Amino acid sequence: MYVAVKGGERAIENAHRLLAHERRGDRDVPEISLSQISEQLSLGVDRVMTEGSLYDRELAALAIKQARGDLIEAIFLVRAFRATLPRFGATEPVDTGAMQVRRRISSTFKDIPGGQVLGPTFDYTHRLLDPQLAGAGSPEAPATAEPLASMPRVTDILGRDGLIEPSPETDADAPVGDLTREPLSFPADRDLRLQNLARADEGFLLALGYSTQRGYGRSHPFAGEIRFGDVEVEFYAEDAGFAVPLGAMAMSECQMVNQFKGSATEAPCFTRGYGLAFGQSERKTMSMALVDRSLRARELEEEIKAPAQDEEFVMSHSDNVQATGFVEHLKLPHYVDFQSELGLLRKLRAEFFEAASEPLKEAAE
Amino acid sequence: MVTVAEMPAGFADKVLSAQSTFRSVMDAMARPGSVQRIHAVPGTPAPMMRGTAAIALTLFDHDTPVWLDKAMSATADVGKWLKFHTSAPVIADSAASAFALVGNPHDIPPLDRLALGSNEYPDRSTTLIMQVDSLHAGPAWELIGPGIDGAAVLQATVPANLFDRLAINAVLFPRGIDVVLVHDDAVVAIPRTTRLAAHGA
Amino acid sequence: MNATAYNFAYLDEQTKRMIRRAILKAIAIPGYQVPFASREMPMPYGWGTGGVQVTAAILGPGDVLKVIDQGSDDTTNAISIRKFFARTAGVATTTSTGEATVIQTRHRIPEAPLHSGQVLVYQVPIPEPLRFLEPRETETRRMHALGEYGLMHVKLYEDIARFGHIATSYAYPVKVNARYVMDPSPTPKFDNPKMDDCPALQLFGAGREKRIYAIPPHTRVVSLDFEDHPFTRYRFDAPCALCGADDSYLDEIVTDDRGSRMFVCSDTDYCEGRQAAGHRGTESAAPHKESAHG
Ligand SMILES: [Zn+2]
């Protein structure tokens, strides 16, 4: 006798209990705290905030803990939480020119007003595992310097002489698009593209940006400037009639200076690619800037032939929460469809062998 | 002038009233010509009927520009009530409206002055909400189309030329206008796929 | 960071309004995919977020909800979604097709005929029937706008040239109300005829792809075919081994590693209902059979 499988509900509950147990790990090891994650795994927290589209270090740390360190799962948790939050409006654009800079480098000029500020970077570290870090340590206090009053953006310096195109302006009164509130349609404007890229998977953007460097939509990029630091966020309150400061956010910005354009009627100038992210997310903003520039192919009248220039391709596949859901949904049962395919395949095979045996029959007759 | 305190109230239970109203409208749209009842009873600013008010509270918000006919905009009451309860912008350009509220069915604008959608996005079209004197008496109309098992008979006091004018839906499909008729707490939908049954052919 | 109290049926009211407006337009334009601003749900994309959002937007306290996956109420994802609504909306749930007012499904249409008080909500992974012929949304949207479906017919005809049959066994495209070509979601083509002239309202939700579409009751739904190669419904010749039904869609169950197989109804409610009514198959729980089959 055959008895159909039952008890799925119990199985799910047991699996979740086991998951909670595994998440905790060995109970003799002290439990990790949210502040430990936030302070000591801070770049992971930055990534979760950026791709989760929610600036909240504590929630991002909680998500990382709950996700057992799986950052895409953590991003998913943050996104699902964010989706239920009430919305009060949009902030004023942040002024990264007024950023309290903690790191700022340019690869286009040897020296610039405000100077090159290396800041906290892996750059020039020798990637040698440090056995001392395996234990507890107390690193030296960092050297301090007076913060510089003025640190103009390199693109603004270039822009003063018209050497780089002005930042493409949209009508100030036009509402900024929001792809979390409006279904996306193509062609998509740059505000939506940048939003999509800001939320996009870092690895996906990294690979696409890399592909442009290898000739799939080459854009001759120079890292005009990369800066990381704190910016003030303001919200225009209609009741009050003025912008109310909400506080400071740590952000990274990358401005790529790219392939110039020009025509008989237009003086040649460099073009822009832009990247912006929460926290210190340098790889993300650099990749984003490369892909932003390549997605501007349509407006810059470049031939669209590489994946990174194809906005439908990029925007439809950049979101890791969507991608992981759909890839992983293949583990859900599909046996009804499989049965349908199996039946069809058996039928086609039977017909194939029948047809193959016919010439033999004819020969025997 | 109506102050906020004097403003007719919205739903007592926003969540469940909106849900039950939506189901009535959904059933109406899914079964053209059938009369559905709206059970939630909000306050109403004249000349808005309670069915219309319930639909507005259920479907309107700041993303849905609303156009009002002369009857609805005769005083500022309807516009104020809509703004207070739904945040829906009341606009003068009917062609940009998500919803058009018609208090006088004999004075509807030419349908091509409403949003008809595009062939690519036929959903970007106006839903016309029209108040009528009766949805159980008056001339009988025999309707066919998706949602209707065979033919449906609608008895309603709608303008005699309404269906002539809705013939635009057959010509333009998938573009078109979807109509919701309201009388008191009763609703009937005439989506763009509904046609008058041909007779005597 | 308090435990957040979520709204009835989880979604906030603004989101429900947006989805409800999309549903009404979907019903008004049968088979047309209405774009909607799908929200991030607390379950992964591809696991029914579109169906869940549609269900959440229509569900009321008086509803009786049934959730099936692969035809069964007891598959893990069906259980998970049913629990989600039992918890967030407090609705009554059932496994009975006849008693349900709202049925959310993945990959099957129940065997028992649906009635006019019911809404069938499909979970849809890829709503665009032309997507695998033309990956670009801008192109497929133009084809739908013009009602230009030659590409689909070419594909189906190439199947015939190659295999002698249309080699699509699930997600078999249909034409709705003689206008839009529509993806029925990955249901087996066995289920396609049930969509035609169905008394229940059929709603389709694709969360990741952000589309909602609908088939109103009593709407003409035709599976695409050719005069010389008409649509055929595929089914095994065997009856169900548990209830003896010869009119239901069957799951194949591998019973040992020597190639033994049996076939049982995919629709567990239908199968159990028949067994309760006294119908028997070869593997039914009769004592002598039990020993015969170990
Ligand atoms: Zn059976």
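In what follows, chains carry the letters A, B, and so on, assigned in the order in which the sequence lines appear, proteins first and then strands, with residues in each chain numbered from 1. Small disclaimer: the values here were computed from a predicted structure and weren't measured.
Contacts of C:Leu250 with chain A are made by backbone atoms alone, with heavy-atom separations under 4.5 Å and no side-chain atom involved. The contact between A:Glu13 and chain C is made entirely by side chain atoms (from C-beta outward), counting heavy-atom distances below 4.5 Å. C:Thr76 touches chain A through backbone and side chain together, each having a heavy atom under 4.5 Å away. Interface residue C:Phe36: only backbone heavy atoms are found under 4.5 Å from chain A. Of the two parts of A:Leu332, the backbone and the side chain both hold a non-hydrogen atom closer than 4.5 Å to a non-hydrogen atom of chain C. Interface residue C:Asp251: backbone and side-chain heavy atoms are both found under 4.5 Å from chain A. Of the two parts of C:Thr138, the backbone and the side chain both hold a non-hydrogen atom closer than 4.5 Å to a non-hydrogen atom of chain A. Using a 4.5 Å cut-off between heavy atoms, C:Tyr172 does not touch chain A at all. At a 4.5 Å heavy-atom cutoff, C:Thr49 makes no contact with chain A through either its backbone or its side chain. Contact of C:Ala167 with chain A is made through backbone and side chain together, with heavy-atom distances under 4.5 Å. Both the backbone and the side chain of C:His107 come within less than 4.5 Å of a heavy atom of chain A.
For the options A:Ala15, A:Ala80, A:Pro333, A:Ala83, heavy-atom pairs under 4.5 Å to chain C are most numerous at A:Pro333. If you tally non-hydrogen atom pairs under 4.5 Å between each of C:Met41, C:Arg141, C:Glu252 and chain A, the highest count goes to C:Glu252. When A:Glu182, A:Arg82, A:Arg181 are compared by the number of non-hydrogen pairs under 4.5 Å with chain C, A:Arg181 comes out ahead. Comparing C:Lys189, C:Lys210, C:Lys83 by heavy-atom pairs within less than 4.5 Å of chain A, the highest count is held by C:Lys83. Highest contact tally toward chain A, considering only C:Arg211, C:Arg136, C:Gln14, is held by C:Arg136 [criterion: heavy-atom pairs under 4.5 Å]. Contacts with chain C were tallied for A:Glu328, A:Lys347, A:Arg346; A:Arg346 has the most, counting heavy-atom pairs under 4.5 Å.
The ring of C:Tyr10 has its center closer than 6.0 angstrom to the ring center of C:Phe84. Between C:Phe190 and C:Tyr170, a ring centre-to-centre spacing not shorter than 6.0 Å is recorded.
A:His334 has its side chain within reach of A:His329: a pair of non-hydrogen atoms, C-beta onward, lies under 4.5 Å apart. At a threshold of 4.5 Å between non-hydrogen side-chain atoms, the residues C:Met18 and C:Thr15 count as touching.
Below 4.5 Å, heavy atoms of chain C meet heavy atoms from A:Asp310, A:Glu312, all part of residues 304-315 of chain A. Annotation: residues 317-326 of chain A contacts chain C through A:Val321, A:Gln322, A:Gly325, A:Phe326 [non-hydrogen atoms, separation under 4.5 Å].
When all heavy atoms are compared, the tightest approach of A:Glu31 to A:Arg24 is OE1-NE, 3.3 Å. Residues C:Ser248 and C:Tyr270 come closest through the heavy atom pair CB-CE2, 3.8 Å. The nearest pair of heavy atoms linking C:Arg108 to C:Asp191 is NE-OD2, 2.7 Å. Of all the heavy atoms in A:Ser294 and A:Val291, the pair that sits closest is OG-O, 3.0 Å. Considering all non-hydrogen atoms of both residues, C:Pro110 and C:Lys194 come closest at O-NZ, 3.4 Å.
One distance of note links CZ of A:Phe76 with CE of C:Met43; it measures 8.5 Å at 0.5 Å rounding. Note: A:Leu34 CG to A:Gln66 CD = 10.5 Å, rounded to the nearest 0.5 Å. For the atom pair A:Ile72 CD1 and A:Leu77 CG, the distance stands at 12.5 Å (nearest 0.5 Å).
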Review point. Under the ring pair (Phe, Tyr, Trp, His ring centres under 6.0 Å) criterion, do A:His21 and A:His16 qualify, and how do the steps go?
Key: CA-CA 9 Å; A:His21 173 78; A:His16 292 172; over 10 Å; no

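For the 3.5 Å distance criterion, the side chains of A:Thr180 and A:Asp178 qualify, holding a donor opposite an acceptor.
Using modelled atom types, no side-chain atom of A:Arg47 and backbone atom of A:Thr50 make a donor-acceptor pair closer than 3.5 Å.
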